[in-house]
Protein chains: 2
Amino acid sequence: MLLPTPHLPSPQQLRYLVALADHGHFGRAAAACAVTQSTLSAGLIALERQLAAGLLERGTSVKRPVFTPLGLELVARARTALAALEAVAETAAMARDPHSGPLRLGVIPTIGPFLLPRLMPALRAAYPRLRLWLREDLTDRLVAGLEAGRLDLLLLALPAAGTMETLPLAEDPFRVALPRGHHLADRDSVPVGALSGERLLLLEDGHCLRAHAEAACGLPRGLAHSGEEGFAATSLHTLVQMVAGNLGVTLLPQLAIDGGVLGNSPVEVRRLDGAAAPGRMLALAWRPRSPRAAEFAGLAPTVAAALEPGAT
Amino acid sequence: MLLPTPHLPSPQQLRYLVALADHGHFGRAAAACAVTQSTLSAGLIALERQLAAGLLERGTSVKRPVFTPLGLELVARARTALAALEAVAETAAMARDPHSGPLRLGVIPTIGPFLLPRLMPALRAAYPRLRLWLREDLTDRLVAGLEAGRLDLLLLALPAAGTMETLPLAEDPFRVALPRGHHLADRDSVPVGALSGERLLLLEDGHCLRAHAEAACGLPRGLAHSGEEGFAATSLHTLVQMVAGNLGVTLLPQLAIDGGVLGNSPVEVRRLDGAAAPGRMLALAWRPRSPRAAEFAGLAPTVAAALEPGAT
DNA sequence: GGTTTCAATCGGTTTTATCGATCATGCTCC
DNA sequence: GGAGCATGATCGATAAAACCGATTGAAACC
């Protein structure tokens with residue numbers, strides 16, 4: 001059942017195609033590929049000829065290359081093909097020299113500020129040849145970046161949606177943060193039910209911590225207050241300031257408290273009693289079948305160690 | 001967040017690698033790639049140098065190239081990368097000229113003999129430029145072939161396991177086949193429960209029809225008889241002969257009956273009454289994200305038409 | 001109308017893939 | 001143990017291609 005070899009497009013030509021789609025400009029796309037505009041232009045024409053298919057709307061009013069529907073489809077397929085080729089090279093590179101080279105790590109804002117100051121030195125010490133690029137963003141954007149290949153590894157809180165391999169690291173229990181002198185601070189712990197009588201402040205929408213906290217309290221989505229008139233808290237630090245200012249109470253992950261989010265604010269924290277230990281699960285995540293999956297899993301102990309409160 | 005472009009392996013070199021893994025012999029692999037042995041050898045050496053990784057056990061006793069563990073891993077990744085490149089070319093080819101070129105179709109043995117005599121002429125008439133290669137095999141092997149890229153399209157019965165996109169075509173209800181004069185043949189239809197008192201013959205293990213029939217009758221797997229002393233029926237035609245020989249009763253799909261599986265055998269068929277219309281669902285199946293998915297779906301009406309009993 | 005921007009084209013150069021032939025090595029068999 | 005054989009690596013030459021720099025043609029802008 002041998003079939004005649006179909007004419008495979010060259011990776012270089014596919015890179016030209018993808019770069020043009022990314023930059024929308026022959027000159028800039030060429031620069032991104034480190035070739036001249038004439039080379040990129042000729043390469044695309046050759047690709048069109050070899051595939052015997054029109055990829056670009058030629059001859060029409062210019063000012064921006066216009067792709068045909070087929071062209072757009074091929075751009076998407078070219079991306080996956082290039083990613084597959086990179087996976088080959090990356091697999092070899094990892095086998096040759098693990099824990100080295102660039103690693104693009106995405107971290108959510110409710111983890112990053114509290115963990116990275118401890119994690120980064122530990123990683124530098126354990127893997128000196130690793131070149132760590134950081135990006136802090138909301139879970140959804142990080143997952144999109146991971147799936148698009150712009151990020152290699154995520155440090156986030158479960159549950160989270162997306163097609164990725166996840167490795168749970170540690171539970172991060174929620175604590176109740178109260179203004180100093182608040183009546184709920186009399187006891188060692190606060191039952192979840194007691195929160196329904198309080199003004200519960202949470203981060204603005206989009207932060208996974210908001211959804212996780214609502215779930216922990218058994219609240220339907222959107223019931224908690226974001227603050228007056230849509231003035232929502234944008235970080236845990238501002239949230240603490242709002243609690244200190246007597247605007248309400250909130251939930252804070254233990255990690256943030258260990259990380260010093262309270263500072264000198266007049267805020268008290270108490271354990272939260274509820275069914276099934278309210279909290280979130282911190283985890284690493286990467287693309288399924290990533291060539292570096294083994295390497296990433298190998299980082300887990302270092303990250304988990306940095307999560308321990310006593311870690312320096 | 002621009003990263004230095006990793007050195008991508010050339011598709012040609014990856015083909016050399018895959019061909020060597022397939023043939024286990026430099027000369028034959030080179031022939032399969034339509035190059036000389038020296039070219040293939042040099043190409044693989046260049047690949048090893050570019051990836052800076054050992055792919056083959058060099059210098060040891062020869063008689064057969066031995067891959068390193070990394071080499072084997074790279075062979076697998078090279079296969080997927082080449083498949084992704086082919087998908088680019090194939091997408092363009094399909095857009096340029098749909099319903100043409102080679103199509104490797106897998107069919108299960110309980111469909112093929114009864115449908116293909118009607119389907120093939122219809123397909124030839126509707127898509128004269130389509131070059132149809134056929135392979136008849138058990139569901140499991142067909143699915144493996146599809147996933148490995150040796151087949152493009154399957155015609156099978158659901159439910160079936162495997163990662164593929166399926167398009168249901170038509171229900172294929174089961175009928176009871178009885179020896180002429182059998183007491184159950186007195187009535188127009190046979191209740192499912194009545195079969196438990198009969199010697200139920202089914203195809204040998206591996207045929208999905210066996211599992212589907214067992215499920216239709218509410219039988220646990222393996223309860224039905226395959227025949228005396230492991231002498232199992234290997235096709236529906238032999239099964240009919242066994243029923244005609246008074247060895248027991250069986251279930252036949254309507255498709256096979258319409259396709260003339262009974263011949264002149266002294267066998268009667270009756271409707272089977274049971275919960276939820278006992279039968280199987282005939283379907284097309286292809287790889288998820290196949291470039292030709294739209295083309296395959298377009299074949300469905302032609303196939304469904306050939307499934308109609310009245311079709312010529 | 002002149003200018004600017006942008007992509008396609010052209011000629012020349014460098015790089016690379018490939019071939020055919022040869023060489024090195026380890027088996028096999030007498 | 002040595003001749004013969006099969007297999008894969010190496011070498012020099014050649015043809016193909018990828019790429020660059022400069023130029024051209026055409027639309028958009030002022």
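Throughout, protein chains are lettered first and strands after them, A, B, ... in sequence-line order, and every chain is numbered starting at 1.
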If the cut-off is 4.0 Å, is A:Y16 near the phosphate of D:dC19, judged by side-chain N/O to OP1 or OP2? yes

Measure [atom1]/[X] against [atom2]/[N] and give the value in whole Å, please.
X	N	atom1	atom2	answer
A:Q50	D:dA16	CD	C1'	13 Å
A:L55	C:dA7	CG	P	15 Å
A:H25	D:dA28	NE2	P	15 Å
B:Q12	D:dA18	CD	P	12 Å
B:F26	C:dT18	CZ	C1'	17 Å
A:E48	C:dT9	CD	P	11 Å

Assess the side chains of A:E147 and A:T163: does a donor N or O sit below 3.5 Å from an acceptor N or O? yes

Check against side-chain hydrogen bond (donor to acceptor under 3.5 Å, both in side chains), B:T39 and B:T36: CA-CA 5 Å; B:T39 297; B:T36 62; 3.0 Å; yes

So if I apply the side chain to side chain contact (heavy atoms under 4.5 Å, CB included) rule between B:W286 and each of B:L154, B:L167, B:D152, B:T166, which one comes out positive? B:L167

Near DNA chain D, which residues from residues 34-47 of chain A have a heavy atom under 4.0 Å away? A:A34, A:V35, A:T36, A:S38, A:T39

SB check B:R79 B:D22 (cutoff 4.0 Å): yes

Ionic contact status for B:R292 with B:E90, cut-off 4.0 Å: yes

Is atom CZ of B:R289 surrounded by more than 12 heavy atoms (other residues, nucleotides or ligands) closer than 6.0 Å? no

